[in-house]
Visitor: 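I am attaching a structure below and will ask some questions about it afterwards.
Every number for a ligand or one of its atoms is a count from 1 in the order of the listing. We number each residue from 1, following the sequence as shown.
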Amino acid sequence: MNLLLQTSQSDLQARIAVTGSKSETNRLLLLQALFPNITLANTSNSDDSEVMQKALKGNEEIVDIHHAGTAMRFLTAYFAVNEGREVVLTGSQRMTERPIKVLVEALEQLGAQISYENEVGYPPIRIKGQKITASKVNIPANVSSQYISALLLVAPKLENGIEITLVGEITSIPYIKMTLALLNDLDIKTSFEGNVITVYPKQEVESKVMTVESDWSSASYFFSLAALAESASVSLTSYKETSLQGDSGLVEIYKKMGVDTHFVGNKMTLTKQAGFIPQTVNFELNNTPDIAQTIVVTCLGLGIGCHLTGLHTLKIKETDRLEALRIELTKLGASISVTNDSLTLLASDEINHNVTIATYNDHRMAMAFAPLALKVPIIIENAEVVSKSYPDFWNDLKSLGFEISEK
Ligand SMILES: O=C(O)C1=C[C@@H](OP(=O)(O)O)[C@@H](O)[C@H](O)C1
Ligand SMILES: C=C(OP(=O)(O)O)C(=O)O
């Protein structure tokens with residue numbers, strides 16, 4: 001499905017309920033499988049959370065998690081320590097190109113039995129669940145934080161817990177801290193000192209309702225819309241001013257691009273502020289890789305340049321996001337260059353009309369480019385990809401007065 005997006009709205013007014021964070025949900029689903037007396041509220045309705053739930057509930061030998069990176073990584077650890085069960089864990093074509101070796105080798109240090117069905121280092125993998133008693137493990141920390149979260153999530157159920165030594169620069173740290181915070185919420189003891197993380201064993205937890213905060217990565221598209229509108233007052237629920245999600249860094253980032261964020265209870269309202277916006281902005285995004293696409297498209301829409309760094313993980317996400325951005329922004333007339341871990345966009349006032357944006361099976365390509373419809377009509381190819389994290393995205397965009405038609 002290709003969608004043509006256009007709008008004559010210059011003032012954006014809406015109140016939108018975004019569903020729960022997929023990162024928090026997929027962690028809590030795994031924890032709920034380990035500790036069935038916890039109850040979850042405001043869970044994500046994303047495809048990634050649905051496949052996670054299905055995989056945890058099912059009893060099949062072949063478990064297919066489609067495009068869901070968190071499900072692939074978290075379930076690798078889950079099945080590896082699930083004594084007596086054997087599964088083949090696989091996913092979409094792209095998932096078979098996303099590396100898993102770092103996690104497999106860490107689990108092997110603990111005594112796990114995992115083999116590769118096709119290419120060494122990549123899914124699909126065959127996992128024979130073992131009883132794990134070892135607890136010390138070293139892991140490279142600069143490829144994906146999801147490998148580390150995967151180990152942390154299963155750790156309380158291991159006889160001796162876990163002591164992880166992180167090797168090298170640590171990427172996407174807020175996601176590791178989110179995992180530890182959720183464990184702490186369940187009264188599971190942890191420590192993170194220097195480059196060593198410890199999780200202490202805990203066989204049972206108290207019954208508890210865990211309410212998921214709404215998804216800040218999904219909120220990013222509304223920050224972008226507010227920045228590109230003439231005027232805006234967009235309210236989003238249910239958010240916290242102090243969040244476990246690193247993408248809440250959006251508030252400070254978009255302040256520099258003219259968006260003010262105001263909290264009343266769990267409702268945050270984004271308003272467009274008149275005033276000075278710099279000709280170029282610089283952001284280091286090692287802590288918040290998922291909002292890089294949103295930010296660069298906002299800059300193009302504002303006619304300003306940007307230099308974004310800390311982007312080395314983008315190459316192994318749903319697609320090579322740096323290359324995808326380079327190709328699609330160039331079609332729109334932008335001057336953009338990328339390296340392995342950075343992106344530079346030059347300021348320019350021109351944006352080509354009626355460009356068809358390819359989405360590369362990447363939900364964030366579709367959603368990041370959509371706000372540009374405030375400036376030019378734009379066509380989003382395979383728009384259904386948004387369901388990976390945000391199935392209601394197009395309906396919510398309509399509620400802001402966008403005209404959306406099939407093309
Ligand atoms: O743990 C998580 O929930 C996530 C961690 C990040 O991945 P990396 O650690 O691979 O950067 C992020 O990009 C992804 O969308 C979700
Ligand atoms: C990178 C993402 O997801 P995952 O790695 O879990 O597939 C994302 O949602 O942007």
Side-chain angles (χ1 to χ4, degrees), residues 20-31 44 46-52 55 65-77 91-103 123 139-153 166 168-183 212-213 215-221 243-247 249 285-295 310-322 324-325 341 359-368 385-391 393:
S21 149
K22 86 171 158 77
S23 288
E24 286 185 40
T25 300
N26 281 9
R27 285 163 171 74
L28 288 168
L29 286 171
L30 191 144
L31 288 169
S44 164
S46 65
D47 289 354
D48 282 15
S49 295
E50 249 175 50
V51 295
M52 182 76 182
I65 49 67
H66 305 276
H67 296 303
T70 48
M72 181 71 214
R73 282 71 181 260
F74 298 172
L75 291 170
T76 296
S92 61
Q93 170 59 35
R94 175 60 181 169
M95 193 53 66
T96 67
E97 298 162 4
R98 297 183 70 181
I100 192 80
K101 195 173 188 177
V102 165
L103 177 58
I139 187 165
N142 64 344
V143 182
S144 168
S145 69
Q146 293 180 10
Y147 306 144
I148 296 150
S149 287
L151 298 172
L152 298 173
L153 286 167
L166 305 179
E169 207 189 319
I170 310 171
T171 197
S172 305
I173 292 183
Y175 290 98
I176 298 175
K177 294 192 172 156
M178 173 196 287
T179 309
L180 293 173
L182 292 173
L183 293 174
V212 178
E213 185 188 1
D215 197 294
W216 276 90
S217 319
S218 299
S220 74
Y221 311 109
S243 175
L244 299 183
Q245 298 167 55
D247 284 359
L285 300 179
N286 190 19
N287 281 341
T288 55
D290 293 357
I291 55 175
Q293 291 148 296
T294 316
I295 294 169
L311 305 183
H312 66 286
T313 62
L314 264 58
K315 297 186 90 59
I316 56 166
K317 298 209 185 280
E318 283 77 340
T319 184
D320 175 344
R321 287 181 171 167
L322 286 166
L325 284 171
D341 61 359
T359 50
Y360 308 81
N361 285 316
D362 183 357
H363 53 141
R364 300 205 191 283
M365 286 300 285
M367 295 186 285
V385 292
V386 300
S387 64
K388 182 175 193 285
S389 65
Y390 190 173
F393 179 71

Visitor: In Å and rounded to the nearest 0.5 Å, what is the CE to OG distance from Met367 to Ser218?
Guide: 6.0 Å
Visitor: Note the single closest protein heavy atom to atom 9 (O) of ligand 2, along with its residue, its atom name and the distance in Å.
Guide: Lys22 NZ, 2.7 Å
Visitor: Could you pull out the closest heavy-atom pair between Ser145 and Thr171, with the gap in Å?
Guide: CB-O, 3.4 Å
Visitor: Tell me the protein heavy atom at minimum distance from atom 5 (O) of ligand 2, and give that distance in Å.
Guide: Arg98 NH2, 2.7 Å
Visitor: Which is it for Arg321 and ligand 2 at heavy atoms under 4.0 Å: side chain, backbone, both or neither?
Guide: side chain
Visitor: At less than 4.0 angstrom from any non-hydrogen atom of Lys317, what atoms of ligand 2 do you find?
Guide: 1 (C)
Visitor: Answer yes or no: is there an ion pair linking Arg27 with Glu24, defined by an N-O contact shorter than 4.0 Å?
Guide: no
Visitor: Going by the order shown, which atoms of ligand 2 are within less than 4.0 Å of some heavy atom of His67?
Guide: 7 (O)
Visitor: I'd like the contact residues of ligand 1, where contact means a heavy atom below 4.0 Å.
Guide: Ser23, Arg27, Thr70, Ser144, Ser145, Gln146, Ser172, Tyr175, Pro289, Asp290, Thr313, Lys317
Visitor: Out of curiosity, Leu325 CG to Thr319 OG1, how far, rounded to the nearest 0.5 Å?
Guide: 9.5 Å
Visitor: Once you round to the nearest 0.5 Å, how far does CG of Asn286 lie from CG of Asp341?
Guide: 9.5 Å
Visitor: Does ligand 2 have an atom under 4.0 Å from some heavy atom of Met72?
Guide: no
Visitor: For Arg98, give me all partners under side chain to side chain donor-acceptor pair (under 3.5 Å), at least two apart in sequence or on another chain.
Guide: none
Visitor: Holding to side chain to side chain donor-acceptor pair (under 3.5 Å), I want the full list of residues that pass it with Asn287, two or more places apart in sequence or in another chain.
Guide: none
Visitor: What is the nearest protein non-hydrogen atom to atom 6 (O) of ligand 2, stated with its residue, atom name and distance?
Guide: Thr70 N, 3.0 Å
Visitor: Using a plain distance cutoff, I'd like to know if Gly69 has any nitrogen or oxygen under 3.5 Å from a nitrogen or oxygen of ligand 2.
Guide: yes
Visitor: Under the side-chain hydrogen bond (donor to acceptor under 3.5 Å, both in side chains) rule, what do Thr179 and Ser149 come out as? Steps first, then yes or no, please.
Guide: CA-CA 6 Å; Thr179 309; Ser149 287; 2.7 Å; yes
Visitor: Hey, is CD on Glu97 packed in by over 12 heavy atoms from elsewhere, all under 6.0 Å?
Guide: yes
Visitor: Determine the sole option in Asp290, Asp247, Asp47, Asp48 for which the salt bridge (charged side-chain N to carboxylate O under 4.0 Å, His left out) test with Lys22 is passed.
Guide: Asp48
Visitor: Suppose I only count heavy atoms of Lys388 and a 4.0 Å limit; which atoms of ligand 2 are within that range?
Guide: 3 (O), 4 (P), 7 (O)
Visitor: Considering Arg364, Arg94, Glu318, Arg73 one by one, which has a heavy atom nearer to atom 2 (C) of ligand 2 than any of the others?
Guide: Glu318
Visitor: Going by side-chain contact (heavy atoms from CB on, under 4.5 Å), name the residues that satisfy it together with His67, two or more places apart in sequence or in a different chain.
Guide: Ser92, Asn361, Lys388
Visitor: Can His66 be said to touch ligand 2, with heavy atoms closer than 4.0 Å?
Guide: no
